[in-house]
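First the proteins, then the strands, lettered A, B, ... as listed; each starts at 1. Keep in mind it's a predicted model, so treat the numbers as computed, not measured.
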Number of protein chains: 2
Amino acid sequence: MSGEDAPTPQPQPEQEKQPDEEPPPAALEAPQESGSSSPEAAEEKPLSIRALVLTGYGGYDKVKLQVKQQKQPQLAAGEVIVRVKACGLNFAELLGKQGLYELLPPPPVTLGMEGSGVIEAVGEDVKDRKVGDRVIVLIRSGMYQEVVVVPADSTFPMPEQMSFEEGAALPINYLTAYLMLFESANLKPGKSVLVHMAAGGVGVAVTQLCQTVPDVTVFGTASASKHEIISQGGVTHPIDYRTKDYVDEIRKISPKGVDIVLDPLGGSDTQKGFSLLKPLGMIIVFGAANCVTGQKKNLLAMAKTWYNQLSLSMLKLMQTNKGVCGFHLGYIPDEQLIHRTMFKLLELYSQGKIKPRIDSCYHFEEATNAMKRMHDRQNIGKVILLPEAKKEEEVPKSSPEPVENVEKTEAAIIEKKEETTEEVKAED
Amino acid sequence: MSGEDAPTPQPQPEQEKQPDEEPPPAALEAPQESGSSSPEAAEEKPLSIRALVLTGYGGYDKVKLQVKQQKQPQLAAGEVIVRVKACGLNFAELLGKQGLYELLPPPPVTLGMEGSGVIEAVGEDVKDRKVGDRVIVLIRSGMYQEVVVVPADSTFPMPEQMSFEEGAALPINYLTAYLMLFESANLKPGKSVLVHMAAGGVGVAVTQLCQTVPDVTVFGTASASKHEIISQGGVTHPIDYRTKDYVDEIRKISPKGVDIVLDPLGGSDTQKGFSLLKPLGMIIVFGAANCVTGQKKNLLAMAKTWYNQLSLSMLKLMQTNKGVCGFHLGYIPDEQLIHRTMFKLLELYSQGKIKPRIDSCYHFEEATNAMKRMHDRQNIGKVILLPEAKKEEEVPKSSPEPVENVEKTEAAIIEKKEETTEEVKAED
């Protein structure tokens with residue numbers, strides 16, 4: 001139920017059932033690059049691919065690092081192979097883990113909807129991508145693995161100065177923010193915006209995009225420790241929702257309320273947001289984070305969120321001149337709109353007007369820590385997952401704040417031995 | 001419950017209780033213009049003013065033409081006196097007559113929220129209006145009389161080429177249309193709009209304003225006899241809602257639906273409109289015309305409209321990426337917005353981009369016919385009321401279609417003899 005998901009409707013074929021013995025340093029040589037071996041020879045070499053797989057609904061232990069063994073991918077027309085360098089973690093994966101994200105195929109399924117990497121091979125009819133291109137990838141699921149085969153249409157060329165981490169952080173948060181502000185709502189100069197979880201991925205994107213419009217006031221809720229950073233990022237009025245009633249705080253500053261409320265929480269917060277709207281104001285509900293309390297599906301939290309949801313009559317809407325929208329990136333079938341918007345976002349990046357804020361990077365082995373960091377709302381900006389195996393001596397990469405109260409256990413590496421190895425060879 | 005009402009919050013003081021004997025040809029000489037008499041002398045002369053007064057809730061007979069006798073108005077600072085030349089009839093007056101328009105003060109009350117005329121006197125501190133200025137007036141009630149005293153802020157200078165009828169037709173319909181399309185919704189090039197009652201005042205305004213944006217498709221419902229005219233006016237696809245299911249018709253032309261639905265009907269039509277929305281689409285409910293079936297309040301129609309109203313959950317909104325807004329011009333307290341928008345509309349008029357379509361003009365004596373014409377949806381464009389007394393030999397002015405099945409009875413002229421004449425003199 002989160003807006004933080006991917007629109008492109010090509011589900012990645014699941015490949016867990018073709019494993020092998022050992023997790024070697026992942027190595028895929030695309031036919032074009034392995035000069036010494038012919039494409040036929042390359043196809044005979046099975047690949048080992050590290051992937052983060054949801055094996056069932058429940059706690060963090062359901063997300064397992066597996067090493068898949070599979071055939072060299074056969075590229076269909078219009079497809080490309082991408083070696084993945086970085087992936088974005090979204091709230092949708094936390095929901096999916098609990099069985100609350102209806103667009104995710106049932107387990108076992110490789111998670112992940114966005115990432116960045118380098119093209120290693122292109123199929124027939126692919127004219128505008130070539131081997132070596134740095135690209136952003138946006139798909140429905142299956143991004144959390146070292147190598148993906150995706151339609152070229154699901155890739156977007158990265159500006160030169162963009163890091164892989166930034167590329168992986170951009171699509172879902174910024175598409176969500178942009179489409180809410182400029183398609184669902186109608187952000188104009190002089191308006192005011194309330195965004196919850198202002199330090200989260202969408203919150204940071206919303207804040208930056210608001211600054212592309214003159215004279216927009218941003219109210220952002222976040223815990224006090226994050227206020228300095230989100231203020232520097234452009235939040236006009238940071239509000240500590242943990243110690244203060246944000247409705248009261250906003251009314252003190254702006255007695256008439258705000259023009260736009262972006263609500264990823266649901267339940268009673270939707271009611272509060274609606275009450276804060278000025279005439280002609282609009283609340284956009286794009287999540288139900290209030291449903292997600294613990295590691296597992298919480299029926300009580302869901303019931304409470306449902307019970308407290310905003311109840312509307314047309315008369316009430318008319319007498320207040322207010323509007324209510326739902327937003328869910330996963331349910332936008334208009335791929336042209338997604339593409340146009342992605343290119344606008346890349347242009348804004350190149351102009352220096354937006355820049356994804358990377359909170360922290362975790363190797364696949366540390367996925368549990370990454371998910372906990374997001375679940376516990378410790379992040380400021382985007383949490384990134386790195387397919388590359390963690391070196392033994394390595395310390396966590398660029399984590400600006402220590403991860404508190406998070407066990408340093410790594411996701412179990414599962415190695416499967418199955419008869420599918422035989423099948424692969426038989427098929428060759 | 002209609003969006004067709006006026007925002008400026010200065011109720012006109014009721015003056016019915018100061019009547020006199022005869023209805024003479026109305027004659028108010030403002031102090032500035034009556035050169036031969038001093039202001040003091042002018043104040044002593046009581047005025048006779050023809051007015052359309054709602055005397056109680058019910059049928060057409062509750063709207064009576066009365067001749068009020070009153071003192072020369074005392075202008076407060078910032079006020080002006082306007083001799084009214086034309087007034088706009090709105091759906092809100094039909095609702096008000098039935099007791100369904102909660103912003104109208106209780107009877108007896110002079111109806112009317114918009115009109116045009118000539119300034120006859122200006123109070124202190126009025127810098128930007130002068131005697132002789134042709135102005136549009138927008139107030140909460142009290143416009144249907146020969147002379148009004150209003151804040152100068154409630155008047156807007158008319159472009160030279162604008163007729164009084166056009167001036168009276170502009171404010172409520174075009175403010176409603178403009179704010180819905182460009183504030184509540186987010187009309188952009190390439191979008192599609194469904195407007196019901198496309199031949200009505202708001203419908204015509206919506207159609208014209210849609211044409212100020214490139215490549216907008218307009219679906220408009222109206223009975224077949226009006227299709228030619230509304231097509232010429234810019235409706236891309238006129239649909240006869242009386243003989244066809246408009247949902248089916250629109251789906252045939254645009255299988256994916258429409259981007260914006262403007263719904264003055266309410267009830268089951270809101271459900272249908274919602275179902276027609278594309279992802280990221282928006283329905284704006286700005287009336288409940290389905291409540292108004294006969295001359296009087298119809299509890300069954302109201303109950304049915306209420307029962308059939310759209311029921312929403314946030315989940316449904318999210319999964320469909322749709323939005324619902326209410327719109328009611330009377331509940332927009334932002335006068336600056338109203339002023340800015342009025343000046344934009346006057347600019348669009350001067351540029352030839354919008355032009356109110358006058359359906360017909362009725363003298364105050366013919367108010368019943370005017371209301372019936374609107375109630376029975378016979379009008380194409382705006383129905384205008386003229387304060388000037390009808391000359392005996394006169395035929396109805398510029399009525400493009402004969403008024404069918406409408407009795408030609410005139411509203412009764414009520415002449416009151418009351419002790420207030422005495423009181424007026426005593427006060428002098």
Engineer: Taking the side chain as every heavy atom from C-beta outward, state whether B/Leu280 and A/Phe327 have any pair of such atoms under 4.5 Å apart.
Structural biologist: yes
Engineer: Counting only heavy atoms closer than 4.5 Å, note whether A/Ile284 contacts chain B via side chain, backbone, both or neither.
Structural biologist: neither
Engineer: CG of A/Leu329 to CG of B/Asn321: how many Å apart, nearest 0.5 Å?
Structural biologist: 8.0 Å
Engineer: Heavy-atom cut-off 4.5 Å, strictly under: side chain, backbone, both or neither for A/Lys278 against chain B?
Structural biologist: neither
Engineer: Would B/Val285 and A/Met318 count as a side chain to side chain contact (heavy atoms under 4.5 Å, CB included) here? Give the steps.
Structural biologist: CA-CA 7 Å; B/Val285 182; A/Met318 279 176 62; 4.0 Å; yes
Engineer: Donor-acceptor check, side chain of B/Asn186 to backbone of A/Ser184, threshold 3.5 angstrom: yes or no?
Structural biologist: no
Engineer: Locate the shortest heavy-atom distance separating A/Phe182 from B/Lys188; write the atom from each residue and the value.
Structural biologist: O-NZ, 2.8 Å
Engineer: Is there a side chain to side chain contact (heavy atoms under 4.5 Å, CB included) between A/Met282 and B/Cys325? Walk through the geometry before answering.
Structural biologist: CA-CA 8 Å; A/Met282 168 87 71; B/Cys325 277; 4.0 Å; yes
Engineer: With rounding to the nearest 0.5 Å, note down the distance linking NZ in B/Lys256 to CG in A/Asp334.
Structural biologist: 6.5 Å
